[in-house]
Engineer: 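Just dropping this structure here.
As the structure is a computational prediction, the values presented were derived from the model and not from experiment.
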Amino acid sequence: MGTKRRRLRELAAREQLFINTALAHIQTDGLLALKMAKVARDCDYATGTLYQHFASKEDLLLAIFASENEKNLEIMRRATEWDAPSRKKILALIVGDVLFSANHPDHQSLGRYIFTDAVWEAASLERRQQVLDAYMPHHEAATSITQDAINAGDLDPRGQSPAELTLGIWAMCMGMHTLVEADEVLTSLKLVRPYRWLLRNIHLYLNGLNWQPLLDPFDEQKLNQDVEHIVETLYQDLCFSPLSTEEPPHE
């Protein structure tokens with residue numbers, strides 16, 4: 001291995017060390033308590049060395065998000081490569097996203113935080129592009145399934161692009177993650193099992209697009225069967241609790 005190549009590998013390893021250490025601090029102390037000096041110290045480097053990799057704390061936060069987002073690629077791959085009808089593959093993509101969020105709650109919180117103006121605008125263009133690149137596989141997964149549905153005759157796009165057709169799904173998922181994180185809001189309104197309602201609303205949206213086969217979103221038995229089949233087939237290694245098929249206790 002040449003000197004230059006070895007140097008690049010060493011730099012990449014050190015950057016990943018900083019990212020892993022900062023993530024551990026976030027998981028322990030929370031986002032707002034993250035300190036650059038403490039991250040550098042716990043990695044046995046000077047703070048200046050950390051700043052050679054990340055020009056600001058905002059850059060470090062974006063790098064953490066981009067790095068962690070790669071863990072979701074395997075989950076998306078399972079859904080997109082599954083031999084199933086297009087509509088069921090879309091449902092599998094959403095179920096996988098929900099289960100990933102349950103297994104990586106700090107990642108979801110970080111995602112919403114970095115897109116605030118205070119963080120995003122303060123980050124460098126390079127790190128912002130890194131995050132956008134990390135999001136691209138999500139976009140490609142959803143749009144590829146949508147294109148497959150169009151090709152199979154399951155969906156008439158009516159002049160809309162696959163990206164436009166999946167925008168509503170993305171918005172509903174992001175919105176529900178935000179509401180779930182603000183748990184007291186849902187609790188005060190006595191709204192339980194929010195992710196089950198997300199799946200129902202996704203089905204309502206897909207029915208509105210006339211995405212075949214049409215399904216009754218309020219058929220609890222069918223929804224349970226579909227979710228359980230998806231989890232058993234694709235996601236047995238992930239937490240199942242956010243999509244529990246058990247009815248909550250009634251007051």
Side-chain angles (χ1 to χ4, degrees), residues 1-77 96-143 163 166-167 170-171 173-182:
M1 181 185 299
T3 302
K4 183 177 180 180
R5 188 176 176 186
R6 182 170 59 251
R7 174 63 175 162
L8 289 175
R9 290 188 61 177
E10 290 172 353
L11 288 172
R14 189 166 68 193
E15 180 160 309
Q16 192 60 51
L17 173 63
F18 287 140
I19 288 172
N20 293 342
T21 303
L23 178 60
H25 286 190
I26 290 171
Q27 292 170 338
T28 302
D29 304 319
L31 274 168
L32 299 181
L34 184 66
K35 304 294 183 185
M36 297 288 276
K38 190 172 188 300
V39 171
R41 183 170 62 250
D42 286 357
C43 293
D44 292 326
Y45 285 101
T47 304
T49 303
L50 176 59
Y51 276 105
Q52 290 175 8
H53 289 265
F54 309 101
S56 64
K57 184 167 75 171
E58 289 79 11
D59 270 19
L60 175 57
L61 291 173
L62 267 63
I64 294 170
F65 179 83
S67 177
E68 285 293 290
N69 206 53
E70 293 181 3
K71 296 177 181 178
N72 202 6
L73 301 184
E74 165 62 18
I75 294 173
M76 290 186 295
R77 184 195 61 77
D97 179 63
V98 170
L99 298 180
F100 178 80
S101 298
N103 283 263
H104 302 87
D106 293 303
H107 180 70
Q108 288 296 337
S109 300
L110 179 57
R112 283 180 286 280
Y113 184 63
I114 65 169
F115 285 116
T116 60
D117 288 344
V119 178
W120 187 255
E121 296 299 328
S124 67
L125 291 176
E126 177 186 359
R127 292 299 178 180
R128 284 152 64 173
Q129 187 60 51
Q130 184 182 12
V131 169
L132 296 176
D133 290 343
Y135 255 117
M136 189 54 63
H138 295 258
H139 168 76
E140 292 173 346
T143 54
T166 55
L167 181 59
W170 183 20
C173 290
M174 293 288 288
M176 190 59 77
H177 286 320
T178 300
L179 287 172
V180 168
E181 186 174 355

Engineer: Hey, are the side chains of Arg14 and Gln52 touching, using non-hydrogen atoms and a 4.5 Å cut-off?
Structural biologist: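 In short, these two side chains touch, coming nearer than 4.5 Å.
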
Engineer: Quick one: does Thr3's side chain get under 4.5 Å of Arg6's, heavy atoms only?
Structural biologist: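 Yes, side chains in contact.
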
Engineer: Indicate every side-chain donor-acceptor pair of residues 113-127 with a distance under 3.5 Å to a residue at least two apart or in another chain.
Structural biologist:
unit_1 : atom_1 : unit_2 : atom_2 : d
Thr116 : OG1    : Tyr113 : O      : 2.7
Ser124 : OG     : Asp59  : OD1    : 3.3
Ser124 : OG     : Asp59  : OD2    : 2.9
Ser124 : OG     : Arg127 : N      : 3.3
Arg127 : NH1    : Glu15  : OE2    : 3.4
Arg127 : NH1    : Gln130 : OE1    : 2.8
Arg127 : NH2    : Glu15  : OE1    : 3.4
Arg127 : NH2    : Glu15  : OE2    : 3.4
Arg127 : NH2    : His53  : O      : 3.0

Engineer: For residues 63-70, run the donor-acceptor check on the side chains, cut-off 3.5 Å, and write out each pair with its distance to 0.1 Å, sequence neighbours left out.
Structural biologist:
unit_1 : atom_1 : unit_2 : atom_2 : d
Ser67  : OG     : Gln16  : NE2    : 3.3
Glu68  : OE1    : Lys71  : NZ     : 3.1
Glu68  : OE2    : Lys71  : NZ     : 2.9
Asn69  : OD1    : His107 : NE2    : 3.2
Asn69  : OD1    : His138 : NE2    : 3.4
Asn69  : ND2    : Ala134 : O      : 2.9
Asn69  : ND2    : His138 : NE2    : 2.9

Engineer: Among all residues two or more places apart in sequence or in another chain, which pass the salt bridge (charged side-chain N to carboxylate O under 4.0 Å, His left out) test with Lys38?
Structural biologist: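 Partners of Lys38 by the salt bridge (charged side-chain N to carboxylate O under 4.0 Å, His left out) criterion, ordered by chain and then number, come out as Asp42.
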
Engineer: Where do Ala40 and Phe18 come nearest, in terms of heavy atoms and distance?
Structural biologist: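 Closest approach of Ala40 to Phe18, heavy atoms only: CA-CE2, 4.4 Å.
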
Engineer: Taking all non-hydrogen atoms of both residues, which atom of Met36 and which atom of Phe54 are closest, and how far apart?
Structural biologist: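 Heavy atoms only, the tightest pair is CE-O, 4.1 Å.
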
Engineer: Of all heavy-atom pairs between His177 and Val98, which one has the smallest distance, and what is that distance?
Structural biologist: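 Heavy atoms only, the tightest pair is CE1-CA, 4.3 Å.
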
Engineer: Please identify each residue that fulfils side chain to side chain donor-acceptor pair (under 3.5 Å) with Thr21, with sequence neighbours left out.
Structural biologist: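 If we apply the side chain to side chain donor-acceptor pair (under 3.5 Å) test to Thr21, skipping adjacent residues, there are no hits.
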
Engineer: Trp170: which residues meet the ring-ring contact (aromatic ring centres under 6.0 Å, His included) condition with it, sequence neighbours left out?
Structural biologist: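 Once residues adjacent in sequence are excluded, Trp170 has no partner under the ring-ring contact (aromatic ring centres under 6.0 Å, His included) criterion.
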
Engineer: Would you give the length of the straight line joining atom OG of Ser101 to atom NE2 of His104, rounded to the nearest 0.5 angstrom?
Structural biologist: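 Nearest 0.5 Å value for the OG-NE2 distance: 10.0 Å.
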
Engineer: For Leu34, is there any backbone N or O sitting under 3.5 Å from a side-chain donor or acceptor partner on Lys57?
Structural biologist: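 Side chain of Lys57 to backbone of Leu34: a pair is present.
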
Engineer: Could you tell me whether a side-chain N or O of Thr143 sits under 3.5 Å from a main-chain N or O of Glu140, the two making a donor and an acceptor?
Structural biologist: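 Looks like yes, one N/O pair under 3.5 Å.
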
Engineer: Step by step, would you call Leu31 with Leu61 a side-chain contact (heavy atoms from CB on, under 4.5 Å)?
Structural biologist: CA-CA 9 Å; Leu31 274 168; Leu61 291 173; 3.9 Å; yes

Engineer: As an exercise, state the distance from CG of Leu110 to CG of Leu23, rounded to the nearest 0.5 Å.
Structural biologist: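 CG of Leu23 is found 8.0 Å from CG of Leu110.
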
Engineer: Roughly how far apart are Arg112 CZ and Met174 CE, rounded to 0.5 Å?
Structural biologist: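 Result: 7.0 Å between the selected atoms.
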
Engineer: Tell me, do Gln129 and Leu132 make a side-chain contact under 4.5 Å, heavy atoms counted?
Structural biologist: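 Yes, their side chains come closer than 4.5 Å.
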
Engineer: In chain order, what residues pass the side chain to side chain donor-acceptor pair (under 3.5 Å) check against Arg77, with sequence neighbours excluded?
Structural biologist: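 Partners of Arg77 under the side chain to side chain donor-acceptor pair (under 3.5 Å) test: Glu74, Glu81.
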
Engineer: Can you tell if the side chain of Asp97 reaches within under 4.5 Å of the side chain of Ile75, non-hydrogen atoms only?
Structural biologist: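 Heavy-atom side-chain distance check fails, nothing below 4.5 Å.
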
